[in-house]
Amino acid sequence: MATPSIACIGIIGKHNNPLHISLFPPHSKDRLKFSFLLSSCIDIFEIRALNKTVDQDLGLLQAVDERLAMYGWLTNTGIKFIIVVDMEGRPVPGEISSGTAVTGLRGADLKPAFRAIQTAYIRLLQNPFYSPDDHTPLEIANNPLLKSSQITSKRFIDDMRRIGDAWAPGVTNI
Amino acid sequence: MDGPASTSSVTVEYYDPSNVFQLLSPGLLSRLPLQNLHWKSSTRPLRSIASLHVDLVPSEENLHTLPLHLPSSSPQLTSATEKPLSSTPNEGEGLHRTHSEGQGQWQTVKTEGGHTQPKGFTRDRRHQIPGLRKTPYLKVFFLRCDDNETYKASSRKLLREWLTDHTSSSQTGAPSNTQENHDAFEWLIVHVVLPDTPAASQPGPGASASGASSGTEKSSSGSRWPGRGSSSILEKIRADFNGTSKSSKDRVAQIRIPKCDLPPHLLARSSPQPPSPYESAQDLEKAWADMMAKFRSLILTSFDLRVSQYEEDIREKDSQRGLPGWNFCTFFLLKEGLLRGFESVGLVEDALLGYDELSIGLDVMIREQAAQTDANHRSTFLPFTQDLRERLTSILDSPSRELQQQSEHTEVDGPENDAASLLDRKNYRDLILSSTVSVFDFRCYIFARQMELLLRLGTTFPSRSTLLSRVRTHPAASQSEYSFHEDPRHTSSSAGKDATEDLMTLADICHRAVDFITSASRLMKADLWEGYMNGIRLSTADVSSDPEREKSPVEGAVSEVIENLVLSWTFSASQHVLARTLTRTLSGRLEELNEAGLPADDSASVDTQAQSVSSRASITPSAKIDKSPWAEAASANAKASLEAITASRADLILLKRGVVEKLANKRHWPVGWDSVEVGENESSLTGMDNVNLDDIAEKGVDEQSDEKDKTELPEPSASGLSDSELKTAVASEIQLCELHGDLTEAALAHFRVANRSNSVEKLLADMAAFKFSLRDYESCAACLKNLSTSYAEKNWTSLEMAVLKMQAKCLLEVGQIEGYAKAVLKFLAKVIATRQIGSIGFGGQALQSQSDEMCGRNEAAGAAFLDGHGCMIELIKHTPSLTSPVAVPIDQFFEAISVDNYLQHFDDRDGFQVQLRLRYLLDDSLAAQKVKVRIVDNSLSQPREIWLQNDRDVTFVRGMNKLMVGANVSCPGYFTVDRIIVDAYNIHFVYERRKEPVMPTRLLRQSDSHTSAPKSKEARILCYAKSNALEANIFFSRSIHLSRSKSVDIEISSGWNQVVSGQIRIRSASAGLRLHTAEATVTNGSLILKDKPKAGVINFGELSRGTHTAIKIPYGLETDPIELSFKLEISYVTEKGEFLFISNPTIPIALPLGVNVQDIFKEESLFSRFTINAAGAVPLRVLGSELKSSPLYEVTSECSMLSPVLVFPKQSMSLIYRIAPRKIDPKVPGQEKASKMPLALDISYRCLDEDVFHAVEINFLAALRDSAFNKYSRLLLPRLLAHTKQMLTPQMLELIGLTGELELGGFDESGWNDIIQALHISDREGLDQWLKDWYKTNPTISLSTLDDPSIEQTSKLPIHAIAIPVEVPQIQVVHTAELSILSPDVPSSNGIDVTVSIGDVLPADIRIRHSRIWDVDRALAGKGGSAMGDRPLTFVYEVHANADHWLVGGQRQAHYSARENEAKVFNLVLIPLRAGHLLLPTIEIKHVKPHVPTAQGAAPGSLDAIPGGHAAVNPGGGVYNPSRASWIHNTSTASFQSSRRPSSSSTSSTYPHHGASLPGQAPAPGTGLGIDFPPSNPMLDARRRSSAASVQGDANALNVTCETDYKSLGQTVLVLPDMQTTTVSLDPARPGSGAWLMQGDRRLVAGTAGDA
């Protein structure tokens, strides 16, 4: 038993192309699995986008199993942030049961993490060397110089790592 | 009734002492359920209850007497209501007791709080959870009272007793005990009137007033009550039991049973009564309606009472929340009572809302608890679930490892196995009531309730369905569901066939279920652990327990069991929800899909399955939905709800699948993608084993080998699995996999319907993995077919790669090598692409891992799918069997592709090579057989291309590779790399240059395109031949005979090649140019032309080293171009191989000179003056000219040219030749033919520009030969010459012509940079310097060197020779005419002007004679041979005089006839009219074709002369223009123009053309020089005419051409005014000059006066 932790942070672009995927232990090696998960939950974004109007925080997208749950956040520009939470999270030695494991997460628990991601993303956009238009599938198909839509900014990647490591239920400031 | 749940109806208790319910029930039940209730409470908006089910329950008292079976809804009772609490008998008992002792009990319960022992609680807890009881909302007394007597005697008492029994507490009891309102009810007395009874004749409720007078009533009922004597039983009852106050409700109703409904045994005892007047159908119906209305209102009243009571309680409880000791459970139960109430009246939504609130409340509670460490507060909920713990311990205690059977046995025993009861199998309410509920149970309960409510919302409402069916039968509404005004929810659900499911609600269930199950399973796990730890704590309570100590050995097994329990629970819970939400619509839809695509049995037929899968895969989800006829019928709303339900159901299925996957993973059975990776590892990639082990280690398994894991793992994991399906599946690998596959398939089907494309893709991938593990590669490939592209479109690189790799494997297995190759190549390209961005995956993790790990060791999961190691080698192994090559873009595998922009010549042969560099990106080396580079030159109108190729195999290794590609081709020009192909065993890596927008090259002047600088910076290779390579050039033929066809010369110099054989392919690149290669001849050298297989191709033989040869090829032209373009290819074979020379030369064909000729006939000779001028701007150097004599004519020239004459455009050169006819001996044969040969003027000349080029070339080459750059001569020289050509402006040429020197200009102006940049870098500097020096040392180049015979190159001096055919005009007659003034005063015409005065009369005579020696025909045929012969010919002369100058007297015009050399003299008188030098009048002589009759009359020498003559005088200039045309060798177009003036001769206009006419050769229009030929052969023409004349039989009819040699031409007479005085008037007023000659006095001379 342990506290929930972030298992994966996925940034998905406007055209449903992955911009960034960070994995966190103990799931660091399940890239394929999480890629599949992230790609399939785009559907939910699409459904929600039809119904929901303004709110960026889409809350719980899908409970994958008793461990993993996906939470979504949709920016105004169509960028999708997905956090996969591992409810069992990191093993904490000696600890047996905690309230959160029993009650589950509240939607608000993830807000700080999403905010932090958004901040990081905004900072990325402010980077003059990052052109979001280069990170669309169309552009990549047309421009042979662009090999991938991945975000390569080291700072952004570090930010993601930091958020993923720092977040825990109840943490309000990341 | 298709079963509303028992909780969704209202209980109505009836007491039926006289057993009339049986009679009533048909009518009553048919009117149930109650329709359209409207409930308005104070706190809520108006709620409408569309229908309310009523459970009619006999009261306890009734049961003893009449065990009636009622068709109530008991079969639908849920398990909860099956418990003793809600079972009907107990209910009744409970009710009874409530009334008797309820008050006291309530008090005790209240004092006890929630802490009573469960065992002794059965009675009292009803008060605690009031809402749970099915207490009746309404109690009905069915009274049978046949007459008033009976009523009085017994019925009233009965009623009163009943009423006091039941209503004492609620209606009339003390309002202080508000708790009673929880069970508030109303009562109703129904008077059942049987037919043929006295009561039946009494008026009904609607007619009480009118019925009072009825006699029958009096007689029958007999009023015993004063003032009420007339009242019926009904009225009596009303009076007795309805409240006294006005506001009180009417609680009495009456129903009459019609006679026909009466069973016979009841009829029997009826006494004969008159038929009741109140039995009409309307009355009956009215009575019923009245009763039902009472039912409704009374039920609502009691409901309202209850609700308000509950709400009050809840408010109270809620306000106490903050107080210590507040119990959530109590609150919960209280609120639930309200919710149950809602539910029972059909306000399901309200109930659901309440449960949601409760759920949140529970969350809050738990959170608060968790926040508080205080143990006291925890006590609200149990920390673990008792029975779960029991199960756990039982499983743990049973020696499961050894005896699998037993563990199964115990599980089977457990009642929990029933999936349907899984969620609500326990008596949760008891637990809650006793506050001994665990959180897990609590949640389960809430969810179960929510689900139940939702199901009730979602599934059928009978009333609606019937209503709907009724509406549907109505024709107007039958078509469209929309016309039926229902709430939207219903509309959406009704879209299905006759489905009444509300799919949205069902979807909501599934959605909630997913959330619930996942969180609850988490809870369960925690619960179990807690229970387990608790157990340990209890058992080892005394010993200081250290959980850590005990953990290690046992905990593994425990966690295993716990895990299994949880998984099993998850599985069956999901299954349960799925089963509950499987609606008809949905199943139908899914079946449809299954029929379309999914045979259920996996093993049945692989082929059909593959097909089916592929067919499904090929349909895009969106399209599929649209096409389905089912979906067409459905509205958008229905579609949305269908999508929602299927999607959420699919999520549930995925939950189930997740369980299976986990179980399989534990056993290391291949399921899903993980399994495929394992397979990969085992099969081929030994390097991955380590990674895999790490992976396992991380999962908490001891670090052991794979094998050991496998043997050990299956054992512990089976216990704890309670779900039967799971249990059987777990037993064997195949079954588990199949279960997994089935679930995947089911989820896939659901997602397809749900239109969730991304999820469908994911599941397709899973499906593929499943098929892959089954080794069903074909269907696996089919699944993957579109997946990779779809992922690629969205840039899901890692997914795409995984899919691609699997696809590749499948295709390889299936044998589709091509698809395999494509997939592998795509995959490898992705491998490279991802590596290029610095990581195998995305983002930081990978970056990190790459820096941490060794390069090449990738992440474990999916790494097998992302690793490209060895793929290329394997691919190459398979590709040779490909039938057609597979092309891939080269930049996916190579980068930094560059071709050196300078070429390197081969050392031993012609041709060149270029270095190609590329960086190969894969780890696997790549052996390529061929590397081909195509370079093209698009600057010309016809693009040229050269393929360069490597000469030996190349093996690319990772990193930069260099290789040389070359071609045995010489083709000067700028080339760009257009295409690169690396061919490795049928895999073509292709580089294709991006197409630029097409340059309008055709608009560029071609001469420019050679020299134009590179337009862009892209790599352009400047191709040029080695200086000693074979070279070929095309020139316009240097010796031209204008009358013959033109030709071009191909000059070939072999250079260092010993050519064995060769082929010239020359094609015209100009429109209208036809090359007559068949007539090609060698003009120079010893070359042997072998054969000319077809037009444009010439094969030639040996050409030894260092020789020059020239081949002349005639050509014809259809148009008139300035220059000609050719495509020249010479392929030649030497010992070194086969070579190709390509060139696209363009040569100017305009002749640089023009020749004009003027002919002047004299009697004996003809003087021809040739004017040679430069046609263009280029001065000419005429070296010599000659007009050769012919057999007919003798040519003499007064001067011969000794030195070259320079002819400038404005300074022409004239040559005069005297041509005289020879005496011809007509006897000699062949002369006639010879005579036809025209004379030929041969001119040899050089053009100044060519001289300049030559001089430059000599100079430059001589200098170059001494330098190190001789190898570049073929590159540099054309450039220099081209530049020189640009410099040669007309002014420059003129200057050069005058000075004989060329100023070269500077280095900088010459634009050498382009060329220098195109060379190898080592030579650039030196060449640059050398060129600069050369320019410095040679500022000017003297042309005089050309004429220096010591220089051998002089021989190469281009001397042009042109032969111009010159034809002597065909003239039969040449007249010699002379006008002489005979005045004695004047001196005879000796060249000095005669001086006369105006008005003098000058006698003059004309002497005319003619000669016929120019008549060639006559000369040839002899004197008699000519048609003309020696006969006299008739001529007419005419004197032309300017009327202003001369007054002509005498015969101005006269016919005369004359023989040859016969002189005729005619007299004239001339009077000059003006002063000044006056030209003598001119004379024109024409031949007259006499009329036959008049010809005889026209005697020779007759004086009927008429004015005539040959217009020959140009009055202004005095230039003699011989009337015969001068022909001009036209300057620019080199065409001859016959500019002969139209003859004014009256006799003939058919003056034969001559000059450029070519006897014996048909004119070829538009050929070569564009000579304007006369329309037909003049000779033939003449002959035709002569023959025509002979037909006439008159020689005079012959057309005779004549020329006149007028000897007096240009002679003048000086005329003087001969005035003595003149008077001039100067009057400015007059118009004109104002000067006016008034008068003149003649000089009086005696002689002249006398003459006058």
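Order of the sequence lines sets the chain letters (A, B, ...), proteins ahead of strands, with each chain counted from 1.
Applying the side chain to side chain contact (heavy atoms under 4.5 Å, CB included) rule to B:Thr518 yields the partners A:Ala63, B:Leu655; only residues at least two apart in sequence or on another chain are considered. Qualifying salt bridge (Lys or Arg N to Asp or Glu O under 4.0 Å) partners for B:Arg512, counting only residues two or more places apart in sequence or in other chains: B:Asp356, B:Asp508.
Of the atoms belonging to A:Leu68, not a single heavy atom falls under 4.5 Å from chain B. If you measure heavy-atom distances from A:Leu38 to chain B, the contacts under 4.5 Å come from both the backbone and the side chain.
Under a cut-off of 6.0 angstrom, the local environment of CZ in A:Arg155 is sparse, with at most 12 non-hydrogen atoms contributed by other residues, nucleotides or ligands.
The minimum heavy-atom distance linking A:Leu37 with B:Lys762 is given by the pair N-CE, 4.1 Å. Looking at every heavy atom in both residues, A:Ser39 comes nearest to B:Asn758 through O-CB, 3.1 Å.
A side-chain donor-acceptor contact under 3.5 Å links A:Asp43 and B:Ser759.
Contact check for B:Asp651 versus A:Gln62: side-chain heavy atoms found under the 4.5 Å cut-off. Between B:Trp796 and A:Ile21 the shortest side-chain heavy-atom distance falls below 4.5 Å.
Rounded to the nearest 0.5 angstrom, B:Arg756 CZ and A:Ile47 CD1 are separated by 4.5 Å. Here A:Ser35 contributes atom OG and B:Met801 contributes atom CE; the two are 11.0 Å apart, rounded to the nearest 0.5 Å. One distance of note links CZ of A:Phe36 with CG of B:Leu763; it measures 9.5 Å at 0.5 Å rounding.
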